Amino acid sequence: MSSEEITVTLRGSIRKAAKGTPIGELFEREERRTLIAARLNGKLVDLSRPLDQDATIEGVSIDSPAGIDILRHSTAHLMAQAVQSLYPGTQVTIGPATEEGFYYDFARSTPFTSDDLPKIEQRMRELARADEKIERMEMTRDEAVELFARMGEHFKVEILRDLPDDRVSIYRQGDWMDLCRGPHVPSTGWIKAFALLSVAGAYWRGDERNAMLSRVYGTAFPDQASLEEHLELLKLARARDHRRLGRELGLVLFDSRAPGSPFFLPKGAIVVNELIAYIRRLYARYGFKEVITPQIFRNELWRTSGHWELFRENMFLTTDGENAGGELDYALKPMNCPAHAVLYASEKRSYRDLPLRLADFGRLHRAERSGVLHGLTRVRAMTQDDAHIFCTLDQIAQEVDSNLKMVREVYQALGFEQMELKLATMPEEHLGSEQTWRRTEAMLAEAMERNGLSYQTNPGEGAFYGPKIEIYVPDALKRRWQLATIQLDFNMPERFGLEYVSSHGTAEQPVMIHRAILGTIERFLGVFIEHTGGLFPFWLAPEQVRVLSLTDKVESYASELAARLEREGLRVALDARNEKLGFKVRQAELAKVPYIVVAGEREAAAGTISLRRVRGAKAETMTVEELVATLKSEPLPG
RNA sequence: GCCGAUGUAGCUCAAUGGUAGAGCAACUGACUUGUAAUCAGUAGGUUGGCGGUUCAAGUCCGCCCAUCGGCUCCA
């Protein structure tokens, strides 16, 4: 028995323990059933960690957020163990927990395919059943380098060489070991509910100049029921995929002859046009002036703007017919800003003209790499609700505030509660001095703080001409997409030699603020389809009302009704087909038409209709006038 | 771009190397229908494209195109 005692604080109560006692033994037997790790003075550690000095400890249960992360990380290890026992010669690299699961990247000559997953899963189950103890060991970094070099784990050696610490931890389960910071579940038996989901290629350290690794994704939960619930959610999310809904609802078409470039069908065009109409109503209120600018510019413009230097690989280069086959001396615009700079410079500007807010729904084209295209959310042809504000230094704060206000107004109107703000800072490839960058970054940071908005930093992700406030919204599968953006730019005005005459008669350089609220409309629509499941608010619904006739005896009553609603400015369709009512109702429901109006003989006789609101609510009978009033009372934002 | 997978009728999917099918949609007809699928019939295809192997290719091989899952949430 050690005579040395230390003091442990556990849930506010203080007790003594012998020095060297494993943390896990300090908890009650009952609690230990769900305990997989602990916090030692706030730091996550294994339950087997012996206490060597006075400390405050806390249990981490398997179903707490931190516990689930640990479980998933341990599951990643279990997978690596399974993989190395099944496929000798495969090197391990890294295997972190992610928001919804985990992955592990392996280095091997032939990548895994999804056919390998069941086999790996099977081995994992065997290893979990063996319930091997997971033990932590420490050694010096040099010893670890030697160990992993001997094991042929060259990626681990590389990781070790980059670690700052002298001592590193190694985890062992059975005869398998891995370099790892930990902590881990006490034994493999804790890993019960897991599934391997997909395989993918991934570059070592995410850099395409490095080796291609084979990544396996999976997920794990404290119990089988939660796992099944999660898999069910994934299935539901797939059903909400905008690429599926976009086609099913007749909104969008993709064709391999125009990769990354959506066709908007008549219904999709209505939604896009309504969104733009909404933004135009806001422009009137927020003082923006809309302009229309050219599509194709001579390269001279792109050289001036810096796009030629820093954005060319994302641009479609072209030429005129005369020069066909010759020099590509024109390019399709990937952004509107240079055009607006040209427009600004076309007149002598005074401080009295500022702020000058130029809006543009111009169509943009970007040569995105083929592998990144993704439905509507990552496209090559796009329309933004883009605008550029030319203003004085003193006006920046008020302009940024006003745009943040507009962002909030729009996202609230469209039902997005979850948005994330980020401050994207100076990228490696940039124009202008670092000093200017840091100053403008600070201005944006202050603006968000001033408006009570919390944000995270996205280092190195700014545009090449200036830092950005980025607003992200998640899609159905919780992938985040950047929509709105507000960017400060001192470079474009400099490069285009923009000026205004100050009140003192001196020539000054204006600042340019690039901003978009919906961002790219294509992407916005993609995210919005998933957000709403295709059930748009009334003002955006491509078809707002569908009139269903019951039999051909009431066809004329129904068609007159439809004509009446159309005269009221509503988007109406008439379904007078020779089908049963149930069938027509079903089709209208599937088409997500917000109002379904049924006209039968009873209604025709009484001059009424039967109204069914979307999602199977109970039908209500009302007069035609009441119907018109109901429909016309639907709100229109802006 | 890179790694892997996939590509068959408008859509969702079948088809040992041996005559390309089904359901839904479309079209025609019957039924006159009451709030999420009436019945019957008809038509629909250079199996993504080009080339190759084979007596024979949707199926095997090569190249190309497109689509899908991914490509630093730190051992």
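Quantities reported herein were computed from a predicted structural model and do not represent experimental measurements. Chain letters run A, B, ... following the sequence lines, proteins first and then strands; every chain starts at 1. Hydrogens, waters and symmetry mates are skipped; everything else that's a heavy atom, side chains included, is used.
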How far does the [atom1] atom of [N] sit from the matching atom of [M], given to the nearest Å?
| N | M | atom1 | answer |
| --- | --- | --- | --- |
| B/U47 | B/G10 | P | 13 Å |
| B/G69 | B/G29 | C1' | 47 Å |
| B/G70 | B/G44 | P | 40 Å |
| B/C74 | B/C68 | C1' | 29 Å |
| B/C13 | B/G18 | P | 24 Å |
| B/A26 | B/U59 | P | 32 Å |
| B/A20 | B/C39 | C1' | 28 Å |
| B/C73 | B/A15 | P | 38 Å |

So what does [X] hit on the nucleic acid, given a heavy-atom distance under 4.0 Å: a base, only sugar-phosphate, or nothing?
| X | value |
| --- | --- |
| A/Arg215 | sugar-phosphate |
| A/Glu248 | nothing |
| A/Arg247 | sugar-phosphate |
| A/Glu99 | base |
| A/Gly101 | nothing |
| A/Thr98 | base |
| A/Leu548 | nothing |
| A/Gly371 | base |
| A/Lys156 | sugar-phosphate |
| A/Leu550 | base |
| A/Tyr203 | base |
| A/Thr551 | base |
| A/Leu163 | base |
| A/Lys553 | sugar-phosphate |

Quick one: [X] [atom1] to [N] [atom2], roughly how many Å, whole number?
| X | N | atom1 | atom2 | result |
| --- | --- | --- | --- | --- |
| A/Phe254 | B/C11 | CZ | P | 14 Å |
| A/Leu251 | B/G10 | CG | P | 21 Å |
| A/Asp255 | B/U67 | CG | P | 10 Å |
| A/Asp115 | B/G69 | CG | C1' | 15 Å |
| A/Glu100 | B/G70 | CD | C1' | 15 Å |
| A/Leu197 | B/G69 | CG | C1' | 11 Å |
| A/Asp105 | B/U72 | CG | C1' | 9 Å |
| A/Arg369 | B/A66 | CZ | P | 15 Å |

Name the closest nucleotide to the [X] side chain, picking from [options].
| X | options | answer |
| --- | --- | --- |
| A/Glu601 | B/G34, B/G4, B/A36 | B/G34 |
| A/Asp552 | B/C74, B/G70, B/U32 | B/U32 |
| A/Glu589 | B/A36, B/U35, B/A37 | B/A36 |
| A/Leu373 | B/U67, B/U38, B/C3 | B/U67 |
| A/Arg181 | B/C74, B/C71, B/A26 | B/C74 |
| A/Ser610 | B/U35, B/G4, B/G69 | B/U35 |
| A/Arg602 | B/G34, B/U35, B/C3 | B/G34 |
| A/Ala202 | B/C74, B/A36, B/C71 | B/C71 |
| A/Ser198 | B/G69, B/G4, B/G70 | B/G69 |

(message) I want to check a possible cation-pi pair here: A/Arg150 against A/Phe148, using under 6.0 Å from ring centre and within 45° of the ring axis as the test.
(response)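 Because its charged atom misses either the 6.0 Å distance or the 45° angle limit, A/Arg150 does not stack over A/Phe148.
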Using a cut-off of less than 4.0 Å, is there contact between a side-chain N or O of [X] and OP1 or OP2 of [N]?
| X | N | result |
| --- | --- | --- |
| A/Arg243 | B/C68 | yes |
| A/His374 | B/G70 | no |
| A/Tyr103 | B/C71 | no |
| A/Tyr217 | B/C71 | yes |
| A/Arg244 | B/C11 | no |
| A/Thr113 | B/A5 | no |

Is any NZ, NE, NH1 or NH2 atom of the basic residue among [X] and [Y] found under 4.0 Å from an Asp or Glu carboxylate oxygen of the other?
| X | Y | answer |
| --- | --- | --- |
| A/Glu589 | A/Arg546 | no |
| A/Asp166 | A/Arg141 | no |
| A/Lys133 | A/Glu135 | no |
| A/Glu248 | A/Lys592 | no |
| A/Arg172 | A/Asp178 | no |
| A/Lys584 | A/Glu579 | no |
| A/Asp207 | A/Arg209 | yes |

(message) Go nucleotide by nucleotide along RNA chain B from the 5' end; which of A/Ser214 and A/Ser256 gets its closest nucleotide reached first?
(response)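 Closer to the 5' end of RNA chain B: A/Ser214.
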(request) Please tell me which of A/Phe112 and A/Arg257 maps to the more 5' nucleotide of RNA chain B, matching each residue to the nucleotide holding its nearest heavy atom. (result)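 Of the two residues, A/Phe112 wins.
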(message) Please tell me whether A/Trp190 and A/His184 form a close aromatic pair, meaning their ring centres lie under 6.0 Å apart.
(response) no
(message) Determine whether a donor-acceptor pair (one donor, one acceptor, N or O, separation below 3.5 Å) exists between the side chain of A/Glu313 and the base of B/G1.
(response) no
(message) Show me the dot-bracket string of RNA chain B, counting Watson-Crick or G-U pairs under 3.5 Å, with | for pairs to another strand and [ ] for crossing ones.
(response) (((((((..((((....[..)))).(((((.......))))).....(((((..]....))))))))))))....
(message) Could you check whether any side-chain heavy atom of A/Leu574 comes within less than 4.5 Å of a side-chain heavy atom of A/Ser559, counting everything from C-beta outward?
(response) yes
(request) Apply the test side-chain hydrogen bond (donor to acceptor under 3.5 Å, both in side chains) to residues A/Tyr203 and A/Asp105: give CA-CA distance (whole Å), side-chain angles for both, the deciding distance (0.1 Å), then the verdict. (result) CA-CA 9 Å; A/Tyr203 298 103; A/Asp105 286 346; over 6 Å; no
(message) Please check: side-chain N/O of A/Arg571 versus main-chain N/O of A/Glu543, any donor-acceptor pairing under 3.5 Å?
(response) no
